[in-house]
Amino acid sequence: MGVENNTRDIEETVVTDFTDRMSYGGYLDLDTLLSAQKPLSDHHDELLFIIQHQTTELWMKLMVHELIGAANYLRNDDLGQALKCMARLKHIQKTLTEQWAVLATLTPSEYAQFRDKLGNSSGFQSFQYRAIEFMLGNKNEKMIRVFDADPAAQEMLVAALNAPSIYDEFLRYLARKGYAVPASILERDVTKAWTFTDELMPVFIEIYNNHDEHWEAYETCEELVDLEENFQFWRFRHLRTVQRIIGMKMGTGGSSGAPFLQKALELTFFPELFAVRTEIGK
Ligand code: HEM
Ligand SMILES: N[C@@H](CC(=O)c1ccccc1NC=O)C(=O)O
């Protein structure tokens with residue numbers, strides 16, 4: 001039987017009594033989740049602003065989880081599982097980059113009506129964002145101080161600062177597989193930002209020039225390139241959204257605003273994987 005009167009019958013077997021059963025809202029703790037939106041103004045658009053940030057933080061929570069997973073799998077030489085984590089990470093990144101379109105419906109006039117309520121709070125203080133940057137190799141000890149007033153966040157961030165990045169783990173994996181990764185790289189101080197290392201180039205040139213013989217390493221290199229590219233796309237959409245909403249105003253976090261965000265577009269996580277492109281087929 002099809003639908004009648006444009007109304008779908010609820011089937012006899014559908015469960016409706018949840019007095020002693022776990023329900024959807026109970027499992028997902030929706031009471032907590034949906035009571036966490038607390039606008040500080042009466043402005044219609046503040047809910048959009050809050051939900052855009054909260055959904056981003058939720059997806060970033062999964063990104064942290066997947067990045068930890070990927071690093072652990074690499075450490076255990078389980079490349080297949082590490083690649084699965086990276087594939088999921090890339091889809092989350094795409095979702096987050098697309099999501100900027102929702103916030104871009106906020107006009108400068110609308111935002112100006114509640115911006116003063118935000119005080120000095122800023123995305124700059126997102127510990128999950130900072131952890132993701134650290135896990136990808138953009139380490140910066142100075143960021144830790146921002147979290148002096150939040151010991152739990154700070155502890156998590158210090159752990160991410162002290163742990164090898166996903167790139168460090170990949171290079172260690174390559175070394176275990178017999179690739180000539182210099183010892184100085186394997187023993188480097190992982191709390192410092194990665195900087196371009198010329199001695200690594202022969203390893204990647206070999207992998208890219210003879211990719212059939214190095215398929216697993218080659219595929220992983222390209223996954224890392226995708227991750228970096230997607231990260232830059234997110235940063236770019238953030239910058240463009242900021243430009244259209246606050247122009248050249250300073251940030252609530254105290255930075256110069258757009259010029260500060262622009263500088264991040266010059267950062268790179270895996271410089272050798274981009275440099276190798278110049279060398280292919282020479
Ligand atoms: C009206 C929308 C937004 C504006 C005007 C804006 C503006 C800014 C500005 C000016 C900064 C520089 C730090 C400062 O001085 O405050 C910044 C940083 C940041 N914002 Fe936003 N932002 C917006 C939306 C978002 C959203 C939705 C997120 C998602 C969580 C986000 C995440 C971040 C992060 C992670 C940083 C630090 C970036 C870095 O260290 O390179 N922002 N934002
Ligand atoms: N930094 C933004 C304010 C802002 O966007 C914001 C404020 C509180 C919590 C998260 C935010 N998002 C990103 O920076 C501004 O300068 O307008």
Side-chain angles (χ1 to χ4, degrees), residues 36-41 43-64 67 89 92-147 149-150 153-154 156-157 160-161 165 193-194 227-269:
Q37 294 70 45
K38 302 185 182 86
L40 294 175
S41 72
H43 198 277
H44 173 84
D45 299 303
E46 196 182 344
L47 189 60
L48 158 69
F49 188 77
I50 292 173
I51 290 181
Q52 178 93 20
H53 283 90
Q54 289 184 339
T55 49
T56 304
E57 288 292 338
L58 278 178
W59 281 121
M60 288 198 295
K61 181 169 182 171
L62 188 58
M63 287 183 74
V64 168
L67 277 166
L89 278 159
I92 302 168
Q93 288 177 308
K94 281 184 192 294
T95 296
L96 287 178
T97 300
E98 273 305 302
Q99 188 172 285
W100 283 111
V102 186
L103 191 64
T105 63
L106 182 72
T107 66
S109 333
E110 287 159 354
Y111 183 50
Q113 290 174 55
F114 62 87
R115 187 180 187 228
D116 58 326
K117 296 273 193 290
L118 303 173
N120 284 118
S121 67
S122 163
F124 189 71
Q125 299 135 22
S126 165
F127 76 92
Q128 296 200 109
Y129 176 82
R130 207 55 65 199
I132 293 166
E133 287 258 23
F134 283 7
M135 286 175 194
L136 290 171
N138 181 20
K139 303 280 182 83
N140 187 345
E141 205 180 7
K142 290 192 181 139
M143 297 292 181
I144 301 289
R145 269 183 45 210
V146 176
F147 304 92
D150 185 351
Q154 194 170 56
M156 184 264 209
L157 215 50
L161 184 77
S165 73
W194 179 270
L227 282 179
E228 169 156 347
E229 228 188 2
N230 285 348
F231 204 93
Q232 288 292 27
F233 291 150
W234 185 90
R235 281 182 178 146
F236 182 73
R237 287 299 299 269
H238 180 228
L239 171 66
R240 297 297 305 192
T241 311
V242 170
Q243 283 172 335
R244 69 183 281 168
I245 299 181
I246 62 165
M248 291 298 283
K249 286 183 185 130
M250 274 183 72
T252 50
S255 82
S256 58
F260 179 66
L261 296 172
Q262 181 96 49
K263 278 186 216 148
L265 294 178
E266 284 173 39
L267 299 171
T268 170
F269 296 126

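When a ligand or atom number is given, it counts from 1 through the structure's own listing order. The basis for the numbers below is simple: all heavy atoms, side chains too, and nothing from hydrogens, waters or symmetry mates. Predicted, not measured: the structure shown is a model, and the values here were computed from it.
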- Could you check which of Glu133, Met250, Arg130 puts a non-hydrogen atom nearest to atom 39 (C) of ligand 1? Arg130
- Task: Say whether His238, considering both its backbone and side-chain N or O atoms, lies within less than 3.5 Å of an N or O atom on ligand 2.
- Result: no
- Heavy-atom distance to atom 13 (C) of ligand 2: which of Gly254, Gly123, Ala258 wins? Gly123
- Are a donor atom and an acceptor atom from the side chains of Gln113 and Ser41 found within less than 3.5 Å of each other? no
- Nitrogen or oxygen atoms of Ser121 and ligand 2 under 3.5 Å apart: no
- Under 3.5 Å between some N or O of ligand 1 and some N or O of Gly253? yes
- Message: Under 3.5 Å between any N/O of Tyr111 and any N/O of ligand 1: does that happen in this structure?
- Response: no
- Query: So which heavy atom in the protein is nearest atom 1 (N) of ligand 2, and how far is it from that ligand atom?
  - Reply: Thr252 OG1, 2.9 Å
- Query: Between Phe127 and ligand 1, which residue portion shows a heavy-atom distance shorter than 4.0 Å: side chain, backbone, both, or neither?
  - Reply: neither
- Note on the structure: closest protein heavy atom to atom 17 (O) of ligand 2 is Tyr111 OH, 2.5 Å
- Message: Any carboxylate oxygen within less than 4.0 angstrom of a Lys/Arg side-chain nitrogen, looking at Glu46 and Lys38?
- Response: no
- Message: Heavy atoms only, cut-off 4.0 Å: how does Ser122 contact ligand 1, side chain, backbone, both, or neither?
- Response: side chain
- Check ligand 1 against Gln52 and write out every atom of the ligand that is under 4.0 Å from a heavy-atom position of the residue. 27 (C)
- Does Thr241 come within less than 4.0 angstrom of ligand 1, counting non-hydrogen atoms of the residue? no
- Message: I need the atoms of ligand 2 closer than 4.0 Å to a non-hydrogen atom of His53, numbered in the order shown.
- Response: 10 (C), 11 (C), 12 (N), 13 (C)
